Protein chains: 2
Amino acid sequence: MGSETKILVVDDEKKMIDLVRLYLEKEGFKVDEALNGQQALEMIEKTEYNLIILDLMLPVVDGWTVCKEVRKKSDIPIIMLTARGEEFDKILGFELGADDYVVKPFSPRELVARVKAMLRRYGPKEPSQILEFEGLLIDPESRKVVVDGKEVALTPKEFDLLYFLAKNKEKVFTREKLLEEVWGYDFFGSLRTVDTHVRQLREKLGGSKASTYIVTVWGVGYKFEVGK
Amino acid sequence: MGSETKILVVDDEKKMIDLVRLYLEKEGFKVDEALNGQQALEMIEKTEYNLIILDLMLPVVDGWTVCKEVRKKSDIPIIMLTARGEEFDKILGFELGADDYVVKPFSPRELVARVKAMLRRYGPKEPSQILEFEGLLIDPESRKVVVDGKEVALTPKEFDLLYFLAKNKEKVFTREKLLEEVWGYDFFGSLRTVDTHVRQLREKLGGSKASTYIVTVWGVGYKFEVGK
DNA sequence: GAAATTTATAATGAATTTGTGAATGAGGGC
DNA sequence: GCCCTCATTCACAAATTCATTATAAATTTC
């Protein structure tokens, strides 16, 4: 992880920057800071960052403008920081190219989790691997799944679940762990939700060999297993 | 399970403590309680906890102070409990070294999930190891057991028992100790239960060399022994 | 060698866990 | 606004495992 992942934090409150820096550095990230939008744009010009954390309310040049400017030249992931009550701005932020937002006050765990999720997704592109098994092909790029040569339509959650299990084949996950990994650290719903999605998946994978891949490990959870 | 993870819960409302205790103990954690900040600090001094759950509003010494004091000496994960509306305090809490916060009223699942997440991240982690012996392979990640090249299906308890014994090979355990370690500290059933599971295991490990590994130590208990 | 203690075997009902069908409700597209 | 999809939850059925009991076998002790 910490192999030189550079993050730029833009906020006019020094205290906030320090807080964010504290937790990001604990995770091994390299952190730079900018106190206003103007400065931020200059720094982005000079240095190649892997991710930008951007407060909306900035002096000189506001967050939206920074966002728009950055997007003209690059696809760096941007996480916006917004104060509660600025909910409306959220939409605007997304339209202008932000990839995620976090509402202040936030928990460091939440921010770190989102940063990591973002980097996993957009960061130093580990070639998104096409997974292939007998009678089953999973392409994360196009989010396409092919069973016995025929494309099968999966819902987003179904796809994410299948892809996660397949990517970590032979490894058992508890329902709790799956909720955390596939649904997200901030989902606290019922464990049985996992069962339902597994069922849907098995059904959609049909009577073919593919339907045998998702295995119930009784008393523990599920795993993806190729078998023999 | 059973490996003694100790959590200190600090709150001036006994009712709140009981609630938290209920859910944490159900998960196998050992829970201590303190009703005020002063008491909390004394307990932390004497005992080594793996995690602290800390209410902000405390008599004698408040949550912030406790947090600051703890941080002077240790990196124990701290989860803060705050009442809704104390949003502002959240930031302050983080600056003082809290690792996460939960807003009251909270769902027990949420609290437990956060506790576990915290322990996973900061707690000590032992890598799960594949154990291999002549004619027997035990993989805790996939929870697979292979005897003489053929996979054998074990029930959860059988697997846990076998893995525990094998991981601690050459060491004798009384039935009592096994119940505590494999079943959990809160299991108060018959000692004979262990016998039953040992028998099942031996049967499933078949006539091969593997079936000789679980050894009865007469008058004491069982051990896993590779022999010659 | 017999009695006493400890362990092995086998069977069964209870308890836990998972599968299944269906209902609800949120959110997006038209 | 309306319909459709998807995610989630619930209730119930099915499957599996678990703990216990009773009885037989083994081992020790005297």
Side-chain angles (χ1 to χ4, degrees), chain A residues 87 90-91 94-95 143 145 152-165 172-184 186-207 211-223, chain B residues 1 26-28 107 109-110 113 143 145 152-162 164-165 172-180 182-184 186-207 211-223 225:
Chain A
E87 293 282 325
K90 200 189 304 178
I91 301 173
F94 281 134
E95 273 170 16
R143 295 179 70 88
V145 172
V152 170
L154 296 189
T155 70
K157 273 271 143 46
E158 284 162 14
F159 183 90
D160 290 342
L161 179 58
L162 176 62
Y163 185 66
F164 178 80
L165 286 173
V172 183
F173 295 93
T174 63
R175 291 172 175 72
E176 267 171 345
K177 190 72 182 157
L178 286 172
L179 283 183
E180 187 187 324
E181 292 285 348
V182 178
W183 272 253
D186 55 354
F187 179 85
F188 297 106
S190 157
L191 294 177
R192 301 307 305 277
T193 299
V194 179
D195 299 40
T196 301
H197 284 270
V198 166
R199 172 161 65 102
Q200 296 285 48
L201 266 179
R202 283 173 174 160
E203 198 174 313
K204 288 192 179 177
L205 296 185
S211 67
T212 69
Y213 287 153
I214 300 183
V215 177
T216 303
V217 180
W218 219 91
V220 185
Y222 297 99
K223 70 176 168 182
Chain B
M1 190 96 42
K26 196 158 38 171
E27 295 293 325
S107 91
R109 256 190 62 71
E110 176 176 351
R143 291 183 72 91
V145 172
V152 170
L154 296 189
T155 70
K157 275 273 143 51
E158 284 161 16
F159 184 92
D160 291 341
L161 179 59
L162 175 62
F164 178 80
L165 287 172
V172 185
F173 295 93
T174 64
R175 291 172 176 71
E176 268 167 342
K177 190 70 181 160
L178 285 173
L179 282 182
E180 189 186 323
V182 178
W183 272 253
D186 55 351
F187 179 84
F188 297 107
S190 155
L191 292 176
R192 297 262 71 86
T193 299
V194 179
D195 300 39
T196 301
H197 283 271
V198 166
R199 173 176 158 279
Q200 294 284 47
L201 265 179
R202 284 174 173 158
E203 192 174 316
K204 289 192 179 178
L205 296 185
S211 67
T212 68
Y213 288 152
I214 299 184
V215 178
T216 303
V217 180
W218 218 89
V220 185
Y222 298 99
K223 71 174 169 181
E225 193 176 48

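These numbers were taken from a predicted model, which means no experiment stands behind them. Order of the sequence lines fixes the chain letters, A, B, ..., with proteins taken first and strands second; residue numbering starts at 1 for each chain.
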Using only side-chain N and O atoms of A:R192, determine if any of them is under 4.0 Å from OP1 or OP2 of D:dA11. no

Under 4.0 Å: is that the gap between some side-chain N or O of B:W183 and OP1 or OP2 of D:dA19? yes

Should B:R199 be listed as having a side-chain N or O under 4.0 Å from OP1 or OP2 of C:dA10? yes

Here the gap from A:F173 atom CZ to A:L165 atom CG, rounded to the nearest 0.5 Å, amounts to 7.0 Å

Are OP1 or OP2 of D:dT20 and a side-chain N or O of B:T193 less than 4.0 angstrom apart? yes

For a quick check of understanding: with a heavy-atom distance under 4.0 Å over all strands, which category does A:V220 fall into, base, sugar-phosphate or nothing? sugar-phosphate

Is B:T155 close enough to D:dT16 that one of its side-chain N or O atoms is under 4.0 Å from OP1 or OP2 there? no

Applying a 4.0 Å non-hydrogen cut-off, can you work out what A:F159 is touching in the nucleic acid: base, sugar-phosphate, or nothing? nothing

Mind telling me whether B:F187 and B:W183 have parallel, tilted or perpendicular rings, with 30° and 60° as the class edges? tilted

Ignoring backbone atoms, test whether B:H197 places a side-chain nitrogen or oxygen under 4.0 Å from the OP1 or OP2 oxygen of D:dT17. no

So which nucleotide from C:dA8, D:dT20, D:dT16 ends up closest to the side chain of A:W218? D:dT16

What distance separates B:D160 CG from B:L178 CG, expressed to the nearest 0.5 Å? 12.0 Å

Ranking D:dT17, D:dA7, C:dG19 by distance to the side chain of A:R175, first place goes to C:dG19

Heavy atoms under 4.0 Å, any strand shown: does B:Y222 hit a base, just sugar-phosphate, or nothing? sugar-phosphate

State whether the distance check finds a donor on one side and an acceptor on the other, under 3.5 Å, for side chain B:T196 versus base C:dT9. no

